[in-house]
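What follows is a set of notes on a single structure, which appears directly below.
In each ligand, atom 1 is the first atom listed, and ligand 1 is the first ligand listed.
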Amino acid sequence: MSGTMTDDRTPAAPGEPGACAAVIVAAGRGVRAGGDVPKQYARIGGEPVLRRTVGVFAAHPAISAIVAVIHPDDETLARQSVGAEAVRFVPGGASRQESVYNGLKILDKMDPEFVLVHDAARPFVTAKIVSRCLDEAQRHGAAIVGVPMTDTVKQTDDSGTVTGTVARDRLWRAQTPQAFRYRNLVAAHEAAAGEALTDDAAVAEAAGLTVAVSPGSEDNFKITTAGDLARADRMARALAGPRITVVGHGFDVHRFGPGDHVVLCGVKIGHFQGLEGHSDADAALHALTDAVLGAIGEGDIGRHFPDSDPQWRGAASDRFLRHALGLVADAGGRLINLDLTVICERPKLAPHHDAMKRKLCDLTGLPPARIGLKATTTEKLGFTGRGEGIAAQAAVSIDLPDTV
Ligand code: MG
């Protein structure tokens, strides 16, 4: 490859107000994913990863130019991969940061108002994610896409012994795209030259810029390992074919026993009794998990987490739900909505409704409008009426590839 590798297929739009360009970072050689070509050129659902990623930006109405930063040895592969899309190719540098800077510099003449930087290895970015990120950048000057940290985070000493638990409620896993005022990001990169910062938000932060976070998606993962590549292939195939909506229903009961609280929808609720059960006895999440498993023909919670297995003793039930939702994702599916009813005389659930609903939003990734959460009594009739236990019913609908 010679010169700057630019070509003029992309119409530049110099000085156009509000113009936005995208820099796709594809310079890595990604050997961890296996295969004989770097992961951004591997095929998922029959299509190179890079083409799929570029296609999302090419189709987005706000984006008027696309630059792909590639390894100097990969130009032929890169051109073949993107096919007919109008993309300028730029050689990458020694680090990610240097590669992005090379991509930014090629846009100097166009001088877009905003630039989006995106990893080529995140092919499941959507137009919606791009739009949200750009909206936030327009409001705050810079924005990244991220997902809230849901795992408990531990800190260790040098020997690997836990020294503390990090509060996670303000922790995010950063994804791309990341959007910036073009001139600000160029200046920030020039100020940070020679460092090895791992994303552009870090470059912007170092320059003192305000960076907002907009919601990303678990599907917007970065292909790193061979397992990621296989998952991406399954997802791409699933997205390409016909789809159906399936529904599932779940029902669960736990009896009251000694204790001072119950757990419902993952929320601890003070009560003069507890619920008996092998796990945390969260009947609401158990019913929901069974609904999800039922919808995809995956049996029930007992099959996946037998109560004869001591490792589930006292377990927080969100892990059961996460497992079930993981099976949905693996099948290329997506939860559309859920409707959950908790049945008991006491405790009164109204004061806890909002916390429970928030927890369901966190666990499922659904917006509030797609979550029904209700509580009812049975008018003092039956076992729930007599205060012997709590029952829960759940229904879900799931969007699934029609592969059967
Ligand atoms: Mg149960």
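For the side-chain hydrogen bond (donor to acceptor under 3.5 Å, both in side chains) with R96, the lone residue among T198, D199, D200 that qualifies is D200.
Residues G28 and Q40 share a closest heavy-atom pair of O-NE2, 2.7 Å.
A salt bridge links K374 with D339: the distance from a Lys NZ or Arg NE/NH1/NH2 to an Asp or Glu carboxylate oxygen falls below 4.0 Å. For D402 and R243, the salt-bridge test fails: no basic side-chain N is under 4.0 Å from an acidic carboxylate O.
Cation-pi geometry between R231 and F221 is met: under 6.0 angstrom from the ring centre, within 45 degrees of the axis.
Only protein N, O or S atoms were scored, and 3 of them lie under 2.8 Å from the Mg ion (ligand 1).
Residues F305 and H323 place their aromatic rings such that the two centres sit under 6.0 Å apart.
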